[in-house]
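Every chain is numbered from 1, with letters handed out A, B, ... down the list of sequences.
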Number of protein chains: 2
Amino acid sequence: MAKFKLDEIDHQILDMLIDNTRIPFTDIAKKLLISAGTVHVRVKKMEEAGIIRGSSLTLDYVKLGYSFIAYVGIFLEKTSQTKFVLERINEIPYVTVAHITTGKFNIFCKVRAQDTKHAKDIIFMIDDIEGVSRTETMISLEESINDKKRLMHKIFQEL
Amino acid sequence: MAKFKLDEIDHQILDMLIDNTRIPFTDIAKKLLISAGTVHVRVKKMEEAGIIRGSSLTLDYVKLGYSFIAYVGIFLEKTSQTKFVLERINEIPYVTVAHITTGKFNIFCKVRAQDTKHAKDIIFMIDDIEGVSRTETMISLEESINDKKRLMHKIFQEL
DNA sequence: GGTGAAACTTCTAATAA
DNA sequence: TTATTAGAAGTTTCACC
């Protein structure tokens, strides 16, 4: 996969859009002393290149009733079942990310639930998937999301 | 924290914005057979209520050069150091999420790096934080992000 | 709560530099 | 590559349901 070359202007456009995707292109243009048309063209290019995959809302899941987060490590009976189990896991909506991992677990996933009872139901759901031998759960007492997304695309260039 | 009550219209507005934050309110209005003004007012209310915390771009980190993901479990010398260590960890931009957890580890975090060498540097950085006794790393061979965000705010109401 | 229309702002594509 | 421009489109407010 070829790395896409972004110049300083692209980075600054990304920075502003990462903070707020609905910021008017004219505002971006003003700050960067370029025209709104230029912003438009550059964003379009980054979209076409696949750098920008889309945009989404950041919702407050706690306010929506999901205050429980756990990570679940999954042991499989056979490694060959990985793909099958991963597919079943991805069907559970409360599983927000799943990884095939090296080391202790075969699969590792993040679960977002409403409360402990709800979490228990989800974990039992995972346990019940054919091929899963057992699971190990880690409960999050506090989550702190790193707001350095803005740096990620920048620092890379510097290294 | 009081749960905010969303009605069916709110849910549908969220659904569309989750897929694409830049979709015109007039488009949303047309689909839901309401006026654009109503969409505007409802979105504003959800923003004020904190349900919508913001919006952000979904970037392709692999295309930006970050193809390495690992989870790092951290053991502390003393639990009382948790807050201090968490703060140091959150200063590392490549750490995208950090959790205080129950069970095996004291802190658990996700690291996004460019390659194994870069990941090693980051893990050493974590190891070097005062109070960290040792770490355990799990390397992700494949990440599958669950695209059920759209369901999360809905299913809750149904339960 | 919602609407519809007016006033205002922004977008976008084409053209020109 | 960037700037300008103008018509199209979107947003936001407000008087009125």
Side-chain angles (χ1 to χ4, degrees), chain A residues 2-60 63-65 149-150 153-154 156-158, chain B residues 1-60 63-65 149-150 153-158:
Chain A
K3 280 176 216 159
F4 189 81
K5 283 279 166 279
L6 302 177
D7 66 13
E8 189 49 31
I9 305 271
D10 290 326
H11 282 300
Q12 296 195 325
I13 292 173
L14 280 184
D15 264 1
M16 292 191 216
L17 287 175
I18 281 170
D19 274 349
N20 170 20
T21 58
R22 288 188 84 98
I23 188 176
F25 286 5
T26 45
D27 283 13
I28 298 176
K30 250 176 260 163
K31 275 185 194 151
L32 302 185
L33 306 175
I34 53 176
S35 75
T38 304
V39 176
H40 180 236
V41 169
R42 281 169 178 265
V43 169
K44 210 167 175 181
K45 272 187 190 161
M46 289 190 278
E47 279 170 354
E48 278 160 9
I51 296 280
I52 296 176
R53 289 200 342 204
S55 60
S56 194
L57 291 185
T58 312
L59 298 181
D60 187 324
K63 284 214 174 97
L64 284 168
K149 229 179 156 180
R150 302 173 67 251
H153 61 91
K154 271 203 167 160
F156 173 63
Q157 308 293 104
E158 292 162 15
Chain B
M1 180 108 43
K3 280 175 214 156
F4 189 81
K5 283 280 165 281
L6 302 177
D7 67 11
E8 189 49 33
I9 305 271
D10 291 326
H11 282 300
Q12 295 193 325
I13 293 173
L14 280 183
D15 265 1
M16 291 190 218
L17 287 175
I18 280 169
D19 275 350
N20 170 20
T21 59
R22 287 187 86 99
I23 187 177
F25 287 4
T26 45
D27 282 13
I28 297 177
K30 251 178 258 161
K31 276 186 195 150
L32 303 183
L33 307 174
I34 53 177
S35 74
T38 303
V39 176
H40 179 240
V41 169
R42 279 169 177 266
V43 169
K44 212 167 174 182
K45 272 189 190 159
M46 289 190 278
E47 279 169 353
E48 278 160 9
I51 297 279
I52 297 176
R53 292 203 337 211
S55 59
S56 193
L57 291 184
T58 311
L59 299 180
D60 188 324
K63 284 214 173 99
L64 284 167
K149 229 181 155 180
R150 302 175 68 250
H153 62 91
K154 273 202 164 162
I155 288 170
F156 174 62
Q157 310 291 101
E158 292 163 14

B:I52 vs A:D60, side chain to side chain contact (heavy atoms under 4.5 Å, CB included): CA-CA, chis, key distance, verdict: CA-CA 6 Å; B:I52 297 176; A:D60 187 324; over 6 Å; no
Sub-4.5 Å side-chain heavy-atom contact between B:I23 and B:N20: yes
Under 3.5 Å, which donor-acceptor pairs link side chains of residues 24-34 of chain A to any protein atom two or more places apart or in another chain?
none

Sugar-phosphate only, base, or nothing, as touched by B:T26 at under 4.0 Å among non-hydrogen atoms: base
Whether A:D19 side chain and A:M16 backbone form a donor-acceptor pair below 3.5 Å: no
Atom pair distance, as rounded to whole Å: CZ in A:R42 and P in D:dT1: 7 Å
Spacing between A:N20 atom CG and D:dT11 atom P, to the nearest angstrom: 13 Å
Atom pair CD (B:E47) and CZ (B:R53), whose distance is rounded to the nearest 0.5 Å: 13.0 Å
Range on DNA chain C touched by chain A - first to last nucleotide, heavy-atom distance under 4.0 Å: C:dT10 to C:dA13
Residue pair A:L64 / B:L6, side-chain heavy-atom distance below 4.5 Å: yes
Phosphate OP1/OP2 of D:dT11 contacted by A:R22 side-chain N/O (<4.0 Å): yes
Side-chain touch B:L59/A:I18, heavy atoms, less than 4.5 angstrom: yes
A:K44 NZ to A:E48 CD distance, which is reported to the nearest 0.5 Å: 6.5 Å
Whole-Å gap separating P (D:dT11) and CZ (A:F25): 13 Å
Pairs under 3.5 Å (N/O, protein and nucleotides 3-6 of chain D):
| from | atom 1 | to | atom 2 | distance (Å) |
| --- | --- | --- | --- | --- |
| D:dA3 | OP2 | A:S35 | N | 3.1 |

Integer-rounded Å distance: D:dA9 P and B:I28 CD1: 18 Å
Secondary-structure string, 5' to 3', Watson-Crick or G-U under 3.5 Å, | for another-strand partners, for DNA chain C: |||||||||||||||||
A:D15 side chain near A:H11 side chain, heavy-atom distance below 4.5 Å: no
Whole-Å gap separating P (D:dT1) and CG (A:L6): 12 Å
side-chain hydrogen bond (donor to acceptor under 3.5 Å, both in side chains) partners for A:T21, two or more places apart: B:T21, B:S55
Sugar-phosphate, base or nothing in reach of A:K44, heavy atoms under 4.0 Å: sugar-phosphate
Heavy-atom check, side chain of A:M46 versus side chain of A:L17, under 4.5 Å: no
Sugar-phosphate, base or nothing in reach of A:H40, heavy atoms under 4.0 Å: sugar-phosphate
